[in-house]
S.K.: 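Next up is a structure, given as structure tokens.
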Amino acid sequence: MKQHTLKQKTEIKGIGLHSGVEVTMTLYPAKENTGIIFKRTDIKDAPSLKALYTNVVDTRNCTCLGSSKENIVSTIEHLMAVLCVLGIDNAYIEINNAETPILDGSGKVFLESLQKIELEEQSSPKKFLKVIKEINYTDENGASITLLPSDKFEISFDIDFPSPIVGHQNFTNEISKEIFKQQIAPCRTFCEKYQVDYLKSIGLIKGGSLENAVVLDGDKILNKEGFRVPNECVNHKVMDTIGDLYTSGYYILAKVVANKTGHRHNNEVLKVLFDSKDNYEIV
């Protein structure tokens, strides 16, 4: 299998979830073995940010790349998941603000936009990383993510929320383009109303609304349309995991078993994975 990039540039506009500011993001073709590169155009001479786990500087509420306090790009996980599943190895992304556009809070618009662009096959082979030893990261509260040896990319994810409308949810499946399109990409970020109130009080989610998030209030959904797909909440966590694991710089071949985890856990398990070359092989 060969690497791929975009055949032409494409522009995506929207507001940033936390800033509430209009964002323009332009994706360009990139040479083979480039990877995914972000570049802030609103900061003069800002260094480019490669979408690698080693460049992740914040995992609170999203995954954020950075080289300094000013030069950051946050909320990359939904776009990264779509790039991964579509098999886009190399892209140069210019962005004129600190966040990717939140759009509708899912990966659906990114997927639809990028599926309209023809891909260009390149000469170098795709980069696959095969996990050959069990890799685990468990936090102080018992939330854990494990990478198990497998010949394919599959995810088993469990969440357990106090909200009676969510409760326990599970996703278990191989990650294919069709599964992603139907079951994962449409799934929006979600939170409890009290979390919204708190985050707004500290100056975050200025762009948050019922148009880009599922908001739960006890046993009610405040969004009139309700859930888009069954188990939308856990499926959204699966999308985050796909995007975060793509910051490995590889397509990972492993069975991912996650329990109540988030962006920090995804980043930490990659650190454990790359801590020893005995944990994986490049195939």
Side-chain angles (χ1 to χ4, degrees), residues 4 12 14 16-18 23 25 27 35-38 49-66 72-91 93 95 98-115 126-129 137 145 147 153-157 159 171 173-177 179-181 183-190 212-213 232-254 256 258 261-271 273:
H4 287 78
I12 300 173
L17 174 62
H18 293 293
V23 183
M25 185 172 69
L27 292 85
I36 309 300
I37 303 289
F38 288 87
L49 298 169
K50 192 162 187 175
L52 290 177
Y53 73 101
T54 49
N55 291 329
V56 171
V57 294
D58 199 345
T59 54
R60 295 170 296 174
N61 303 308
C62 68
T63 293
C64 176
L65 303 172
I72 63 170
V73 177
S74 68
T75 323
I76 66 166
E77 58 271 12
H78 305 164
L79 175 62
M80 289 294 291
V82 171
L83 293 172
C84 177
V85 171
L86 291 181
I88 298 172
D89 305 85
N90 306 302
I93 303 168
I95 184 167
E99 290 182 275
T100 65
I102 190 62
L103 304 174
D104 69 349
S106 77
K108 183 173 180 289
V109 181
F110 287 132
L111 181 66
E112 291 171 348
S113 298
L114 293 177
Q115 280 188 315
K126 282 189 180 291
K127 298 178 179 180
F128 289 89
L129 182 151
Y137 174 77
I145 179 168
L147 309 180
F153 183 35
E154 50 190 328
I155 296 179
S156 179
F157 205 124
I159 62 172
F171 173 96
N173 217 324
E174 181 178 357
I175 305 303
S176 67
K177 194 178 294 185
I179 290 292
F180 185 83
K181 180 180 178 180
Q183 299 183 26
I184 301 172
C187 298
R188 297 157 292 177
T189 190
F190 65 97
N212 53 40
E232 181 169 358
C233 296
V234 72
N235 288 15
H236 181 85
K237 300 283 281 183
V238 170
M239 178 167 59
D240 286 346
T241 302
I242 295 168
D244 287 345
L245 292 182
Y246 198 34
T247 65
S248 64
Y250 295 90
Y251 296 94
I252 289 182
L253 300 177
V256 182
T261 51
H263 302 297
R264 175 168 71 97
H265 307 82
N266 299 333
N267 187 250
E268 292 295 337
V269 82
L270 289 178
K271 293 176 184 177
L273 173 66

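All values reported here derive from a predicted model rather than from experimental measurement. Values reported hereafter were calculated over all heavy atoms of this structure, with side chains retained and with hydrogens, waters and symmetry mates removed.
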S.K.: Among residues at least two apart in sequence or on other chains, which ones pass side chain to side chain contact (heavy atoms under 4.5 Å, CB included) with C62?
M.R.: S74, T75, E77

S.K.: For C84, check side chain to side chain contact (heavy atoms under 4.5 Å, CB included) against everything at least two apart and list the hits.
M.R.: I242, Y246, Y251

S.K.: Looking at D89 and H4, would you say the former's side chain and the latter's main chain have a donor-acceptor pair under 3.5 Å?
M.R.: yes

S.K.: Counting N and O atoms only, with roles assigned by atom type, does the side chain of N90 sit under 3.5 Å from a partner on the main chain of G35, one being a donor and the other an acceptor?
M.R.: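 Pair found, side chain donor or acceptor close to backbone of G35.
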
S.K.: With a 4.5 Å cut-off on side-chain heavy atoms, are V269 and V256 touching?
M.R.: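 No. Closest side-chain heavy atoms not under 4.5 Å.
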
S.K.: CZ of F38 to CE of M80: how many Å apart, nearest 0.5 Å?
M.R.: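 Answer rounded to 0.5 Å: 6.0 Å.
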
S.K.: Would the distance check show the side chain of N55 and the main-chain N or O of K50 forming a donor-acceptor pair, the cut-off being under 3.5 Å?
M.R.: yes

S.K.: What heavy-atom pair brings G14 and L103 nearest, and what distance separates the two atoms?
M.R.: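 Scanning both residues completely, I find the closest heavy atoms to be CA-CD2, 4.4 Å.
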
S.K.: Show your working on side-chain contact (heavy atoms from CB on, under 4.5 Å) between F110 and L27 and close with a plain yes or no.
M.R.: CA-CA 11 Å; F110 287 132; L27 292 85; over 6 Å; no

S.K.: Any side-chain heavy atom of T100 sitting closer than 4.5 Å to one from V73?
M.R.: yes

S.K.: Checking V56 now: which residues fulfil side chain to side chain contact (heavy atoms under 4.5 Å, CB included) with it, not counting sequence neighbours?
M.R.: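 By the side chain to side chain contact (heavy atoms under 4.5 Å, CB included) rule, V56 matches T59, T63, L65, N267.
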
S.K.: Please name the pair of heavy atoms, one in V238 and one in I175, separated by the smallest distance, quoted to 0.1 Å.
M.R.: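 Shortest heavy-atom separation between V238 and I175 comes out as CG1-CD1, 4.2 Å.
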
S.K.: Kindly give the heavy-atom pair with the smallest separation between C187 and N235, and that separation in Å.
M.R.: SG-CB, 3.4 Å

S.K.: Any chance you could lay out the side-chain contact (heavy atoms from CB on, under 4.5 Å) test for I93 and L79, step after step, and finish with the verdict?
M.R.: CA-CA 11 Å; I93 303 168; L79 175 62; 3.9 Å; yes

S.K.: Of all residues at least two apart in sequence or in a different chain, which pass the side chain to side chain contact (heavy atoms under 4.5 Å, CB included) check with S113?
M.R.: I12, V109

S.K.: Can you confirm whether F180 sits close enough to V82 that some side-chain heavy atom of one is under 4.5 Å from a side-chain heavy atom of the other?
M.R.: yes

S.K.: Which atom names give the shortest non-hydrogen contact between I88 and A91, and what distance separates them?
M.R.: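 Reported closest heavy-atom pair: CG2-CB, 4.4 Å.
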
S.K.: Please list all pairs meeting salt bridge (Lys or Arg N to Asp or Glu O under 4.0 Å) that have one or both residues in residues 235-252, counting only residues at least two apart or in different chains.
M.R.: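 Every candidate salt bridge (Lys or Arg N to Asp or Glu O under 4.0 Å) pair involving residues 235-252 fails, so no pair, neighbours aside, qualifies.
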
S.K.: Got a second to check how far E232's CD is from T189's OG1, nearest 0.5 Å?
M.R.: 10.0 Å

S.K.: Compare every heavy atom of L111 with every heavy atom of A185, then report the nearest pair and how far apart it is.
M.R.: CB-CD2, 3.8 Å

S.K.: Can you tell me how far the CG atom of L129 sits from the CG atom of L253, to the nearest 0.5 Å?
M.R.: 7.5 Å

S.K.: Which heavy-atom pair separates Q183 from P186 by the least distance, and what is that distance?
M.R.: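 Reported closest heavy-atom pair: C-CD, 4.1 Å.
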
S.K.: Less than 4.5 Å apart, side chain to side chain, heavy atoms only: is that true for M239 and F171?
M.R.: no

S.K.: Quick one: does any side-chain atom of T247 pair with a main-chain N or O of A51 as donor and acceptor, under 3.5 Å?
M.R.: no

S.K.: Measuring from atom NZ of K181 to atom CG of L86, what distance do you get when rounded to the nearest 0.5 angstrom?
M.R.: 10.5 Å

S.K.: Pairs in or reaching into residues 100-111: which pass salt bridge (Lys or Arg N to Asp or Glu O under 4.0 Å), with residues at least two apart or in two chains?
M.R.: D104-R228, K108-E112

S.K.: Checking H265 side chain against G262 main chain: does a donor-acceptor pair fall under 3.5 Å?
M.R.: yes

S.K.: Measuring from atom CG of L270 to atom CG of L245, what distance do you get when rounded to the nearest 0.5 angstrom?
M.R.: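 One finds 5.5 Å between CG of L270 and CG of L245.
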
S.K.: Rounded to the nearest 0.5 Å, how far apart are NE2 of H236 and CD1 of I184?
M.R.: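 If we round to the nearest 0.5 Å, H236:NE2 and I184:CD1 are 11.5 Å apart.
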
